[in-house]
Every structure is written in C-alpha cells, then in structure tokens.
Amino acid sequence: MNPVTKSKIPVALTIAGSDSGGGAGIQTDLRTFAFHCVHGTSAITCITAQNTLGVTRVDAIPVEAVLAQIQAVVEDIGVQAAKTGMLLNKEIILAVAQQVEVWKINNLVVDPVMVSRTGAQLIDDDAVQTLCSALIPQAAIVTPNRYEAQMMSGLAINSLEDMQAAAETIHRKLGAKAVLVKGGGMQGNLRGVDIWFDGQNLETITTQVVETKNTHGTGCTLSAAIAANLAQNKDLLTAVQQAKNYVTTALTYSLDIGKGQGPVGHFFPLLQIESK
C-alpha cells in the first residue's frame, strides 16, 4: 500500500465531498490530518455549496475523475490509512470500493454519511445498499450515527442497550472489523456516549459533553482523526479513543461564525500555545 514514501511523516487519504463553508468534508478532513502531523491527500467526490445555514447545491464529480484522483495519490505517494465521507451515489461508491480492493487499503475508516444527525436521509436507497454490501465489508471501522445505525442494523435505538445490540448486529451483518455507534444524536445522559464492538470486546466510550450549537463537521473530524491515528500505526481502539478526545477538545474551541451552526475548532493546539 505504501512502497515509495520516504518521509517519516505518514500519509492519509480522504475520499469525500467539498464543503464551501469549510466546516465539514474534505476541508475538515485535511485540517484534522494536519493537526495530527499526518500529510493529507484527497479525492473529491462532489462539490457542495453550503454555509452554516445549510446546503444549497450539490454537484457530483464524474466517476472517472474520482478514480483518477485515488490512483494518482496511491500509486505515487502511497497511503497508510484512508477515510470515506460523502460518496453521494451508487456509481461512486462502487468505484471507490473497487479501488480500495485493488490498492489493498486495509486501514479504511468508513463514515457512512447516509443519514444526518437530525434523521434526514442524505443518499438514495440504492446508494445505501451499495455502501453496505461493497464498501463497509472492507472497512477497518465503520462509524454510524444513531439513525445510520438504525438503518444498518434494522433495530430501533433509544437506549444504551439498543446501541450495543446495533453495534453487534452491524458487525455480524456487514463485516467491518469494528463498529463505533456514535451517540451524538442521543438524548439525556447518552449524549456523547459511543459504543465500540470488534467482534469480541464491547466498550462504552465516554467523554465530557460540550454545550455548544457549533457542532458542524463533528462526524467528519472524528473519522479523519481515527484515520490519522491509524496512519501513525496506533491500534484501532486507541485510535478511536484519542480521536474522540480530539473532537471533544475541538468542540470546546468551536467557531461561532455565520448565522447558523458553526464548525468545530481544529486548530486549538495553536490557540493553546498562544494563551501560554
């Protein structure tokens, strides 16, 4: 997967959409890689026009262009880990899944981006089915939110026990090495509680709850941070735990910009240095 990289700095690849507001997607992934001392590369799947208030337009990138971006990066630079975000349609998902298999990208983090944290479905049913059958089985870890976990497992999720059952079911049905069911969309004391399952160990991962409306890009940041940690050769559970801590701190430095939901603050390490 990485026969030609000479630098000691690891390389990660994000395959996702562009967010013109800079709060999620490729822009967020590359910032996250950088603040983990990982060189970020990218394959853009779609262009979105969006800001803190919402998305006003989405344009798909031709499948051939997505494939060319992945091939250009992997065959020359090489990657130690990759993540996927918004893949938009069945054709792009199939093409990405094929490339993952061809290039033997084992450290693959799949953020499904099927349903928003508010429950709105983001891709059509064919794309959902293709994601579940072609890409997720190749993943080192898949990171569904509450509503995505419900769709993937077929189970209603209203409690910690429901989250645990969904993680076990997704692992058994879809074949990813590990599953992280995110609790960001849960209510009460389950907010911010995530469930990890790797086929043997069922873990509850918690961090402090940060009260802020500016949470745009949280899921992208988490999956990118996991990929960055995997690129640094950390084990999967450690990669997840450290990524969750990074997201929590980034939430405490979130940016109150625009008229709506601002993004998390990825560059908090620089702000912490300035404040000393």
Point-to-point distance, once rounded to the nearest 0.5 Å, from [atom1] of [X] to [atom2] of [Y]:
X      : Y      : atom1 : atom2 : result
Ile123 : Gln129 : CD1   : CD    : 11.5 Å
Ile195 : Met186 : CD1   : CE    : 9.5 Å
Leu131 : Asp126 : CG    : CG    : 12.5 Å
Asp125 : Lys90  : CG    : NZ    : 12.0 Å
Asn106 : Lys177 : CG    : NZ    : 5.5 Å
Leu135 : Thr84  : CG    : OG1   : 5.0 Å

Answer with yes or no whether the hydrophobic clustering places [X] together with [Y]; edges join I, L, V, M, F, W, Y residues whose side-chain heavy atoms lie under 4.5 Å apart.
X      : Y      : result
Val109 : Ile105 : no
Ile93  : Ile47  : yes
Leu13  : Ile61  : yes
Val63  : Trp103 : yes
Val115 : Leu222 : no

Tell me if a side-chain donor or acceptor on [X] pairs with a main-chain N or O of [Y] at a distance below 3.5 Å.
X      : Y      : result
Gln232 : Val38  : no
Gln138 : Ala97  : yes
Thr32  : Ala225 : no
Thr48  : Ser18  : yes
Thr212 : Asn214 : yes
Gln69  : Ala65  : yes
Glu168 : Ala165 : no

I want to check something: taking the side chain as every heavy atom from C-beta on, are [X] and [Y] in contact at a cut-off of under 4.5 Å?
X      : Y      : result
Tyr253 : Leu270 : no
Val58  : Gln50  : no
Leu87  : Val113 : no
Asn89  : Asp124 : no
Thr28  : Pro263 : no
Thr41  : Val79  : yes
Asn158 : Arg146 : yes
Thr218 : Leu251 : yes

Kindly give the heavy-atom pair with the smallest separation between [X] and [Y], and that separation in Å.
X      : Y      : value
Val11  : Gly78  : CG1-O, 3.4 Å
Pro10  : Cys37  : CD-O, 3.9 Å
Met152 : Pro112 : SD-CG, 4.3 Å
Ala60  : Cys46  : CA-CB, 4.1 Å
Ala43  : Val66  : CB-O, 4.3 Å
Ala228 : Phe33  : CB-CD2, 4.1 Å

List the steps, then state whether side chain to side chain donor-acceptor pair (under 3.5 Å) holds for Ser159 with Asp162.
CA-CA 5 Å; Ser159 67; Asp162 294 340; 3.2 Å; yes
Answer yes or no: is there an ion pair linking Asp256 with Lys213, defined by an N-O contact shorter than 4.0 Å?
yes
So if I apply the side chain to side chain donor-acceptor pair (under 3.5 Å) rule between His216 and each of Asn51, Thr52, Asp19, which one comes out positive?
Asp19
Quiz question: by atom type and distance under 3.5 Å, do the side chains of [X] and [Y] form a donor-acceptor pair?
X      : Y      : result
Ser223 : Thr143 : no
Thr215 : Gln261 : yes
His266 : Thr221 : yes

Give every residue pair that meets the salt bridge (Lys or Arg N to Asp or Glu O under 4.0 Å) criterion with at least one member in residues 27-46, sequence neighbours excluded.
Asp29-Lys83
Using 30° and 60° as the class limits, which term best fits the ring planes of Phe197 and His171: parallel, tilted or perpendicular?
perpendicular
Does CD in Gln121 sit with more than 12 non-hydrogen atoms of other residues, nucleotides or ligands closer than 6.0 Å?
yes
With a 6.0 Å cut-off (strictly less than), is the heavy-atom count around CD of Gln272, excluding the residue itself, greater than 12?
yes
Aromatic ring centroids of Tyr246 and Phe268 under 6.0 Å?
yes
Compile the donor-acceptor pairs under 3.5 Å between side chains in residues 235-244 and protein atoms, sequence neighbours left out, one pair per line.
residue : atom : partner : partner atom : Å
Asp235  : OD1  : Leu237  : N            : 3.3
Asp235  : OD1  : Thr238  : N            : 2.9
Asp235  : OD1  : Thr238  : OG1          : 3.1
Asp235  : OD2  : Thr238  : OG1          : 2.7
Gln242  : OE1  : Lys234  : NZ           : 2.7
Lys244  : NZ   : Gly192  : O            : 2.8
Lys244  : NZ   : Asp194  : OD2          : 3.0

Would you sort out whether Gln98 and Val102 count as a side chain to side chain contact (heavy atoms under 4.5 Å, CB included), showing the intermediate values?
CA-CA 6 Å; Gln98 181 188 45; Val102 166; 4.2 Å; yes
